[in-house]
Every structure is written in C-alpha cells, then in structure tokens.
Number of protein chains: 2
Amino acid sequence: MTGRPKTPLWQAIARSLRGDIADRIYEVGDKLPTEAQLAERFGVNRHTVRHAIRALATEGLVRTRRGAGVFVTAAPTEYPIGKRVRFHQNIAAGGQAPQKRIFQIEERPATASEGDTLMVSRGSQLCICHGVSLANGTPIALFSSHFPAERLPGIAAALTERTGVTEAFRLCGVSDYTRVSTRISARPATATQALHLHLEEGAPLVYSTSLNADGQGCPVEFGKTWFAGDRVTLTIDGAV
Amino acid sequence: MTGRPKTPLWQAIARSLRGDIADRIYEVGDKLPTEAQLAERFGVNRHTVRHAIRALATEGLVRTRRGAGVFVTAAPTEYPIGKRVRFHQNIAAGGQAPQKRIFQIEERPATASEGDTLMVSRGSQLCICHGVSLANGTPIALFSSHFPAERLPGIAAALTERTGVTEAFRLCGVSDYTRVSTRISARPATATQALHLHLEEGAPLVYSTSLNADGQGCPVEFGKTWFAGDRVTLTIDGAV
DNA sequence: GGTTATTTGTGCGTATGTATG
DNA sequence: CCATACATACGCACAAATAAC
C-alpha cells in the first residue's frame, strides 16, 4: 500500500475534531455536523466516526443527545500572555474556576545560572514552589516557581497561607509585578508529569519559562510551567 | 520496586540534558560536566550516561572530543514573537540561514469561519500556501498561510516568485503589516507532519495560529504553524 | 618540551527483564 | 514451559587523546 497508517483512523478523526474545537471552529454549545456528514467528510464509515466521538465524549469535550446531535461542552482554556500575567484573573476571565494545589515548598541555595536570571549572587537562598494549576477542577498545568528568598522576606510562609502569588507578593512588600520575558517550546510529558496532569506519558506539553519583575525591574520570580497541550491555548494579543 | 520506569534510563537522561541545552543552562560552546560527574548526578553508571550522550551526538546537539570533554554544538532556534513577526529576520537574527520550501499553492472559496477571521464574505476566494520553514537546512516548522485573494491581487504569483511573504505583500500593495494576535498550544505530530519535519510520529509540536493585518487593521494573512517542539523556542519579550 | 592528571573511548563480564518462537 | 535473542544497566580495567603544570 501507500505507507502504513500506524494510527487508527478513529484516533486521527478524534484528533482532527479536537483541533477544530480548540481552534473555535466549533464553539462551546455548537452542534457538530451529523455523524453521517462527518462520515462523508472523512471518507469513512459512520461507525468509525462514532468511535471518535465516543472518545471525545469520555474526554468531556462533547456530549451526545439522541435525536438531537453532538454538542460541544468544553474547549481549551484560554490563557492570555502579556505584560501582566495573573493566573487567577486569566482563568476567571474565561468563565472558569481557578484553583491551585501546592506539592512542595523547597528552600535551597541558587545555582550559578539561576542566580544569573534572578540577578542574585550564586548560593543566595531560593524559595521554590512546586504545584499544579486547575481550571474547573481539571489540572491544566504544572509549575515550579523560583523566588529570591532574601529579596522577599517571608515568601515561603506567604505562599502557604495565600493561594495567589499576587497576594503573597503583597505580603512581602511587592505591590506590583510585570512579565519581563516568556520562552515557549513543546516537550513530551514524563511519567510523573502525565500522572499529575491526567495525561498519557509522552503527551505534548507546552513548556514555558517566564521571568517576572517588580516596578523597579528587579526580578521577583522565575517560573517554569508545563501546560497540558490539548487543554490550554496561550493567547498573545498583538498590542500586549 | 517503587513503580516501573517504562522509559529507559538513558532516554530520560538524554531528555534532561536536551532540556538543559534548550534552557540555555549549557550554552553553545560550553563543555558539559564530565561523564563521571553526570553519572553521579543522575545516580547511574557511566555507560548509561554515555548512551544518552551518544544519542545527543547523533542528533547533532553535542560533539565529543576524547580527552577534552563533551561540548554543546547547537541549541534550539530562537523565534521572537511580537508586533512584527518576520520569518527571515527572526532566523537571521539568531545567526542562522533562513529558508522556505513551498509544497502547494491552493485557491478555493473561504468557509464561514475562515471568512470571519479574515473579515471577508463567506465564499470569497482564498489563496492558501502550504510549505516548510528551515533554519540552517533543518526543517523547523510547517505552515499553511491563508490570504484573502481578492484583497491581494496577484498574491499567488507573488508567492511563487518571491521567497519572503513580506516581499510578496509589497508586490500586492501592502507596504507593512503587523501581528494582531497569536494563539499557541501543543499537538502531537501526525505521520505526514513527522515525515516533513524529520521527527517521530507523536512528537510534540508547538501549534500556533496567527493573524496579520495591514496598517489600516485590515487582515491580510491568517497562518497556521506547526513548530518542531525540540528545535524551536518561541520568545515573547515583555515590552514587545 | 616533557610529565602528569584528566577525560573520553573501548573491551569484557555479569545480571535482569521482555519479547519471540 | 523452555530456549533464544535483544535491550538495558552495572562494574572494572585499560588505551588514547587532551590539557595543565
């Protein structure tokens, strides 16, 4: 034959439909084309389309109603990236309930490269916060935030008391902060990452590193974030 | 034992080192820690580290010199995203040779959603350009650019003659254009995408959709881009 | 320029888990 | 159930190239 289609047809179709939902070709609440129409579009049997739709339904992306059709119930979370990136605001603005779960708060001296990015001397104490971000109860990202502990007295305690980073910063005397830079690439999920994000090992993640600074341009946070690739869309407004 | 490490140790180590290079923890030209040091850091035998390094060497990321050490020879391409995104300038600014290969130029009427984003009526003619972008000869991204043909007379011919989109626009009377919005997520590579990008099927891609408009804010291009996740890092300057 | 310590490259032996027949 | 083959992983020893003194 032509080649060998390693991926089953129904998976390819599910992926295609998933992409259409992520691209807002089908908005939340929209009715998908009928199974017969989809079967014709993809050139497959209706059973194959049904298999794909069943997969999307178990993922919670669509809901089927007998006699009515298939309806989009959820779409990837929009996550705006700009000068002011606030997790809670970002998620809440999309009409979803933001939530954070902290795994561990670690304190250790900075390595040379960590010190460079945060503009502190090597060996200066760091406070590192590992956890997961959720929207509407489903995990969307893993994060590990690096804070310069000596510049932010009491940051570790503030992070455990308050859920938001913004509030924790305020307790440490940082009234405002802005995003200096963001770097984005894609990585496969490790076994442990997949576990926490409820994904398969090797599933594509959006890996982002970011630097936040206070009003004087002094770095206050260096963050690494692993977004579940099919559950989040980072958006960048041209104006930023 | 604890769990079952499905992925081989040497692959996990290779991935970790690959990430460190992408994060610029080890810059191009830097010497990696010795095999003995890495073996101690990862808690494995030196042979296992060697296996990982061999994998990185075949990828062209590092080069080994007996008696001297292991040196970083390449790192992911930096691709700045901002108000003015120009492929050739982006790649050239990083000291790499930009190149483009066009697979097909297609002309067909716009669907309803395509018309919405490009602000043309449904059924209005579109010019769609499929191809691959390369840096230093290695493919880094697949793209399909959608142009409103009626707004840009002669765009199809201009795209075949000139390599750059910027020059093609100029031929059609668009002297300048800026990035209106960018949307980013991660997707696994399909079989055909993997083929063109020289990746494994399912490898993580950064999937980006973008909208460019002319000086009057009139959309002139809607683009979809699939970046090879481990070969590109999108960077967003806070100031843009 | 020669000596020495460091570092990669190579070889062999052992053990384990997994897939195949 | 057993034999075989293969990939993974560890341990030890030594050769060869490099760099530093």
Side-chain angles (χ1 to χ4, degrees), chain A residues 1 3-12 109-116 122-123 142 186-205 207 226, chain B residues 1-76 136 138 188-191 194-195 197-204 228-231:
Chain A
M1 314 306 168
R4 66 268 141 90
K6 268 161 83 176
T7 41
L9 269 179
W10 67 268
Q11 282 184 20
T111 66
S113 66
E114 287 171 342
D116 280 353
R122 174 180 173 171
L142 295 174
R187 303 268 178 90
T190 66
T192 51
Q193 287 173 333
L195 185 69
H196 286 129
L197 290 173
H198 301 158
L199 293 171
E200 295 296 312
E201 184 177 349
L205 305 180
Y207 173 58
W226 293 264
Chain B
M1 309 307 173
T2 58
R4 67 268 142 88
K6 268 162 82 177
T7 42
L9 271 178
W10 67 267
Q11 281 184 22
I13 291 167
R15 180 159 49 199
S16 172
L17 292 174
R18 207 180 291 115
D20 287 350
I21 294 171
D23 288 349
R24 301 294 194 275
I25 291 173
Y26 304 120
E27 307 262 353
V28 172
D30 279 5
K31 181 179 164 305
L32 290 190
T34 68
E35 293 175 350
Q37 285 173 325
L38 289 173
E40 198 191 352
R41 189 216 281 185
F42 291 109
V44 299
N45 191 275
R46 195 169 73 100
H47 283 298
T48 312
V49 169
R50 285 181 59 75
H51 197 162
I53 289 175
R54 200 191 319 147
L56 296 182
T58 57
E59 290 174 29
L61 281 184
V62 299
R63 222 179 72 84
T64 59
R65 282 173 49 206
R66 155 141 60 162
V70 182
F71 297 84
V72 179
T73 52
N136 282 351
T138 55
T190 65
L195 185 69
L197 290 173
H198 301 159
L199 293 171
E200 295 295 312
E201 183 177 348
D230 55 351
R231 292 209 271 270

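Letters go in sequence order (proteins before strands), and every chain restarts at 1. Since the structure is predicted, the reported quantities are computational estimates derived from the model, not experimental observations.
- We find that NZ of B:K31 is positioned 10 Å from P of D:dA20, with the value rounded to whole Å.
- Contact annotation: B:T64 side-chain N/O to C:dG9 OP1/OP2 distance is under 4.0 Å.
- Distance CZ (B:R46) to P (D:dT8): 19 Å, rounded to an integer number of Å.
- Residue B:N45 has its side chain nearest to D:dC10 when only D:dC10, D:dA19, C:dT7 are considered.
- Looking only at side-chain heavy atoms (C-beta outward), B:V72 and B:L32 come within less than 4.5 Å of each other.
- Counting non-hydrogen atoms under 4.0 angstrom, B:R50 reaches a base of the nucleic acid.
- At the phosphate of C:dT6, neither OP1 nor OP2 sits under 4.0 Å from any side-chain N or O atom of B:T34.
- Rounding to whole angstrom units, CD of residue B:E35 and C1' of D:dA17 are separated by 13 Å.
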| Would A:T111 and B:I25 satisfy side-chain contact (heavy atoms from CB on, under 4.5 Å), going step by step from the backbone distance to the final call? | CA-CA 10 Å; A:T111 66; B:I25 291 173; over 6 Å; no
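- A donor-acceptor contact under 3.5 Å is not formed by the side chain of B:R65 with the base of C:dG9.
- The backbone N or O of B:T34 lies less than 3.5 Å from a partner atom in the side chain of B:Q37, making a donor-acceptor pair.
- If you measure from atom CH2 of B:W10 to atom P of D:dA9, you get 9 Å, rounded to the nearest angstrom.
- Residue A:Q193 holds its CD atom at 9.5 Å from OH of A:Y207, rounded to the nearest 0.5 Å.
- D:dA17 atom P lies 15 Å from atom CZ of B:R63, rounded to whole Å.
- Checked by distance alone, B:H47 brings no side-chain donor or acceptor within 3.5 Å of a matching partner on the base of C:dG9.
- Atom pair B:R66:CZ and C:dT8:P shows a separation of 12 Å (rounding to whole Å applied).
- The CG atom of B:L9 sits 13 Å away from the C1' atom of D:dA7 (whole-angstrom rounding).
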>> Let's go through B:V70 and B:L56 carefully: what are the C-alpha distance in whole Å and the side-chain angles of both, what is the deciding distance for side-chain contact (heavy atoms from CB on, under 4.5 Å) to 0.1 Å, and is it a yes or a no?
In response: CA-CA 10 Å; B:V70 182; B:L56 296 182; over 6 Å; no
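- Across the protein-nucleic acid pair, B:L38 atom CG and D:dC10 atom P stand 14 Å apart, rounded to whole Å.
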